[in-house]
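Below: one structure, written as structure tokens.
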2 protein chains.
Amino acid sequence: MNTRTQEKAQTRQKILDAASRLSAERGFSSLSLRAVAQEAGIGPSSFYRHFTDLDDLGLALVDQVGMNLRLLVRRARQSILEDGGRNVVRAPIRIFMDLAATNRNLFRLLLGEGSGSTPAFREAIAKEIQRFTSDLVEDLKRGAAFTGRPLAHVECAAEAMVTVAFNLGAAAVDRSAAEREETTERIIREVRIIMRGAEAMAAGWEPAHA
Amino acid sequence: MNTRTQEKAQTRQKILDAASRLSAERGFSSLSLRAVAQEAGIGPSSFYRHFTDLDDLGLALVDQVGMNLRLLVRRARQSILEDGGRNVVRAPIRIFMDLAATNRNLFRLLLGEGSGSTPAFREAIAKEIQRFTSDLVEDLKRGAAFTGRPLAHVECAAEAMVTVAFNLGAAAVDRSAAEREETTERIIREVRIIMRGAEAMAAGWEPAHA
DNA sequence: ATCTTCAGCGAACGTTTGTGCGCTGAAATA
DNA sequence: TATTTCAGCGCACAAACGTTCGCTGAAGAT
């Protein structure tokens, strides 16, 4: 690859990082082209060599955030495989929360910008989370086949789990370690409830009525 | 009450309405004092007669949104009481979604601004949703006592339900009626899963393992 | 009838915003 | 070596921003 294109990609990345860093404080929707350029260490007019718009930047940012997230998750998944069967809920969520804590900006962007800015931006984020949910569906099916405990409405259950984990997790990202710990446990419990519900439905169990 | 103070309260309300209307498009965090003033039909400088800041406005807005929400919910709850026992999940969620559809701005503010702006604003919103959850906890306990089906971890279950309903609901607010319908059914299913899980746990039910 | 209060206004300020333009100098190409 | 490409820069501009100031005129108080 050319030295030229290499350097261009490099400053492009600097812009993306700057945007990610700045959007952590006030949200992506309320940040300015000039501020981003300054944080990236380039002049305002140079910005246009890489992106046409702030919206354009936003889409690229979501793209990259999604890629990073999937990479991290894939790596995490491998380390779970060693843990045979036990802690099917606890281990993944612990990893998820650690990930969120060490990649705040990344998660904040994915979670805080639910309705912040342009529709395209919104939808890009939604799609990214949906992809995450799809992966979880696969995992759940695999897990169910392994433990012999089928789940009803896997897609819905997965969606509920992801929604709970992402949302409560996002709220805890900026809290103290102790509070984060407490929140993590609560998420685990809630995901367990969902899991148990899906299992109960699959087994046809119903509560006795008085 | 004086005509004077009455009129003041009136324009104050006009400002709040204007902010609510405008924040629906781009989010509260990215709106300007001048734009709000213009939408409210007053000069920029008159804004300061009612609020010191945009943050100040934000807090007042959350306050009012919370009040309206609680009012609507209370009204909705009464109309549920007629529906004895059956549709414990479906009826409330249908009402909730109708509420969300006819009060978009209200819900969008409560849901989209998760990390948009200042911490005080964030926390005010979090507190409002928490209050909503507390109410649901009470309802669930009452319902459980009535149907004789106890729930485990009521607080957690309620939190999960609220999180799912608010989040998926918020995403659907801007969609077509058909998509909203589809989303509503999915929310109902997911809340049912949570409910069933909490019931199963309370009953000590566990899935048979292979 | 006189005086006080104060919501709303318009003008002005200094900043910050997005964006266009032409230049530069090093890297890529020929 | 001569030529082309183009990322980055500085400058300029119009527009929008938050905020201050003094004025006005109707409502409230005396």
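Naming: A, B, ... by sequence-line order, numbering from 1 per chain. FYI, side chains are in, hydrogens and waters are out, and symmetry mates aren't considered; it's all heavy atoms of this structure.
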Problem - Flag if over 12 foreign heavy atoms under 6.0 Å of CD, Glu179(B) - result: yes
Check whether the side chain of Ser45(A) and the base of dG8(D) form a donor-acceptor pair under 3.5 Å. no
Ranking Ser46(A) and Thr5(B) by the position along DNA chain D of their nearest nucleotide, the one closer to 5' is Ser46(A)
Rounded to whole Å, CG of Asp53(B) lies from P of dT20(D) at a distance of 10 Å
Looking only at dA7(D), dG8(C), dG18(C), the nucleotide nearest the His50(A) side chain is dA7(D)
Determine whether any donor atom in the side chain of Arg49(B) lies under 3.5 Å from an acceptor atom in the base of dC6(C), or the reverse, and answer yes or no.
no
From CZ of Arg34(B) across to C1' of dT17(C) the rounded distance in Å is 13 Å
- prompt: Heavy atoms, side chains only, cut-off 4.5 Å: are Met195(B) and Leu151(B) in contact?
  reply: yes
**OP:** With heavy atoms under 4.0 Å as the rule, sort Thr3(B) into base, sugar-phosphate or nothing.
**Re:** sugar-phosphate
In whole angstroms, the gap separating P of dT16(C) from CG of Leu33(A) amounts to 16 Å
Notebook entry, point to check: Between Tyr48(A) and dT19(C), is there a side-chain N or O to OP1/OP2 distance below 4.0 Å?
Noted result: yes
query = Between Phe96(A) and Phe166(A), how do the two ring planes meet: parallel, tilted or perpendicular, split at 30° and 60°?
reply = tilted
- Task: Would you classify Ser32(A) as touching base, sugar-phosphate or nothing, given that sugar-phosphate means primed atoms plus P, OP1 and OP2, and contacts are heavy atoms under 4.0 Å?
- Result: sugar-phosphate
Taken to the nearest whole Å, CZ/Phe51(B) to P/dG8(C) is 11 Å
In whole angstroms, the gap separating P of dG10(C) from CD of Gln38(B) amounts to 12 Å
Closest to the 5' end of DNA chain D, once Arg4(B) and Leu31(B) are matched to their nearest nucleotides, is Leu31(B)
Side chain to side chain donor-acceptor pair (under 3.5 Å) test vs Asp17(B) passes for just one of Arg21(B), Lys14(B), Gln13(B), namely Gln13(B)
When rounded to whole Å, the NZ to P distance for the pair Lys8(A) and dA7(D) reads 4 Å
Between CG of Asn2(A) and P of dA7(D) the distance, given in whole Å, is 12 Å
Pair Glu128(B) + Arg70(B), salt bridge at N-O below 4.0 Å: yes
Leu57(B) CG to dG18(D) P, in whole Å, measures 12 Å
